Each structure stands twice: as structure tokens, then as C-alpha cells.
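Below is one structure, written out as C-alpha cells, with a few remarks after it.
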Amino acid sequence: MKIINLSEGNSLLNQYVAELRDVHVQNDRMRFRRNIERIGEIMAYEMSKALTYSVKQVQTPLGTATASTHDDKIVIATVFRAGLPLHTGFLNMFDHADNAFVSAFRFYKDDEHRIVDVHIEYIAAPSLNDRTLLLVDPMLATGESMELAWKAFLTKGKPAKLQMACVIASQQGVAHMAELFPGDDVTLWCAAIDPVLDEHKYIVPGLGDAGDLSFGEKL
Ligand SMILES: O=P(O)(O)OC[C@H]1O[C@H](OP(=O)(O)OP(=O)(O)O)[C@H](O)[C@@H]1O
Ligand SMILES: O=c1cc[nH]c(=O)[nH]1
Ligand SMILES: [Mg+2]
């Protein structure tokens, strides 16, 4: 698996990630969602550079122009619920894309909140055969949700290409995905990679719970 960590370069992206992490900014839920959306837009632009392009003719009112545009048949796939603002950002940019959704949520199997399991309940997707699948989820902690989402989407066909995107990944989550995708035909794009998970499997320093910060606490 190829790993592209966009925070290694200086850009406005880093400002949006910093605001997502900042406890003094996080209480503004609309800004939190909008920053994730803006990161989705920037990541979509960066990821567009890795698509397949061909030159086309465009008729203008005054003549003919040429344009190199991508030929990928894109499906943007997202994991409910924290994935929704990131999905919106990607769809703002890839506005011709089809879309796929899966619900996956982490729950604790023990009273001490140390053992996490992931539950998949809902899936809605077009045929994924021969498509370029952009699988986007803001947080990659253990990597279980991403793996289960990928396996759930595989029941809807075999994509030609897979590109994954997350805002903050943990080292453990990156290693988990690299084990799942040993070849270099799959790429994981991140806006930051953080060192560790805490005992409750939250990314540290991370940002907290992306779903709750976007939409409020759940029972
Ligand atoms: O790599 P993992 O350890 O599986 O954790 C990552 C998952 O956690 C978050 O979802 P969460 O389960 O919190 O659900 P939510 O979107 O409803 O908040 C996030 O959106 C990922 O799907
Ligand atoms: O740190 C984490 C881990 C999983 N899900 C989140 O929202 N945050
Ligand atoms: Mg959550």
C-alpha cells in the first residue's frame, strides 16, 4: 500500500486540521463539520492527480480547445456517521461521481471500554465492478471499520482501483491497512498520521470522537 501524508507539505490543509484538533474551536460544531468538508475538497483535488487522464476536445463559442480530463468512473464510498461531512467535501469536487454508504460503528464489548468491536448494519451502493472507489472516513484508528467497510463493499462488485482517504490516521491503523493491502496498487491518503491509540482505542493526540463532534453524542 502506498501512503501519502499530505501534512508533510505546508498548505492551508494544516490550518483546517489544527482547528479540528483544537478544544477551543471544537465547540463550534458547524465549523468542525465544514473543516472536515474543506479537507475533503482539498484531498479530492490532490487525489485527482492520481487518476487516469486523456485529452478531449471542447467546443467553445469561438473555437475548439483541448483539455486533459480524467476517465475514472468514480464512486465515493463513506462510512456512517462521521464520514458524512468528508463525503460532502469529496462530492463537491467529484460532482459526477456515484455514491455508496455503509454504516459501521465501534462499540465496547467490556465495561472497562478497552475492547472495541465494529458493527456493520446498512449498505447502499451501485455496482462497483470496474469503478474507481474512493473510500473516505475521517478517522483510521484500529483500521477495523475501514477493513469491514471494504469487505462489505466488495459484496457489490470488484472495483478497478481503490483509493482510501482519512483525515487523521494512527500508525496502528496505517499498519493494519498495509497488511490488508500488501501491493502498491492501493493508496492511503491522510491529512495527518498520529503515533498511538489510547486504552479506549482513540487516536492520540487525534481530535476526540469525530462523529460526536460533528453530530452530537450518541447513546
Ligand atoms: O479504525 P477504527 O478503530 O475502526 O475507528 C474508526 C471509526 O471510528 C469512527 O466511527 P465511529 O465508530 O465512532 O462511529 P460514528 O461515526 O457513529 O461516530 C470513524 O468514523 C471510523 O469509522
Ligand atoms: O480517535 C478516534 C478513533 C475512532 N473514532 C474517532 O472518532 N476518533
Ligand atoms: Mg464516533
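Whatever order the structure lists ligands and atoms in, that order sets their numbers, starting from 1. Note that the structure is predicted; figures quoted are calculated from it, not measured.
- With a 4.0 Å heavy-atom cut-off, ligand 1 is reached by the side chain of D137 but not by its N, CA, C or O.
- Every atom of ligand 2 with a heavy atom of K201 under 4.0 Å away is listed here by number and element: 3 (C).
- Listed by atom number, the atoms of ligand 2 under 4.0 Å from I203 heavy atoms are 1 (O), 2 (C).
- Near A141, meaning under 4.0 Å from one of its heavy atoms, ligand 2 places the atoms 3 (C), 4 (C).
- With a heavy-atom cut-off of 4.0 Å, K218 touches ligand 1 through its side chain alone.
- Here D209 has side-chain heavy atoms under 4.0 Å from ligand 1, and that is the only part of it that gets that close.
- Near T142, meaning under 4.0 Å from any of its heavy atoms, are these atoms of ligand 1: 1 (O), 2 (P), 3 (O), 4 (O).
- Inclusion of A210 in the set of residues having an N or O under 3.5 Å from an N or O of ligand 2 is warranted.
- Considering backbone and side-chain N/O atoms, A141 comes within less than 3.5 Å of an N/O atom of ligand 1.
- Side chains of Q171 and D194: a donor-acceptor N/O pair is absent below 3.5 angstrom, by distance only.
- Checked against a 3.5 angstrom limit, the closest N/O atoms of G83 and ligand 1 fall outside it.
- Across G211, G208, S145, S170, heavy-atom proximity to atom 8 (N) of ligand 2 is greatest for G208.
- Ligand 1 has no N or O atom lying under 3.5 Å from any N or O atom of D212, backbone or side chain.
- Atoms of ligand 1 found under 4.0 Å from any heavy atom of G211 (numbered from 1 in listed order, with element): 18 (O).
- Between T78 and D137, the closest side-chain pair of non-hydrogen atoms is not below 4.5 Å.
- Taking the salt bridge (Lys or Arg N to Asp or Glu O under 4.0 Å) definition, one finds that D111 meets it with nothing, sequence neighbours left out.
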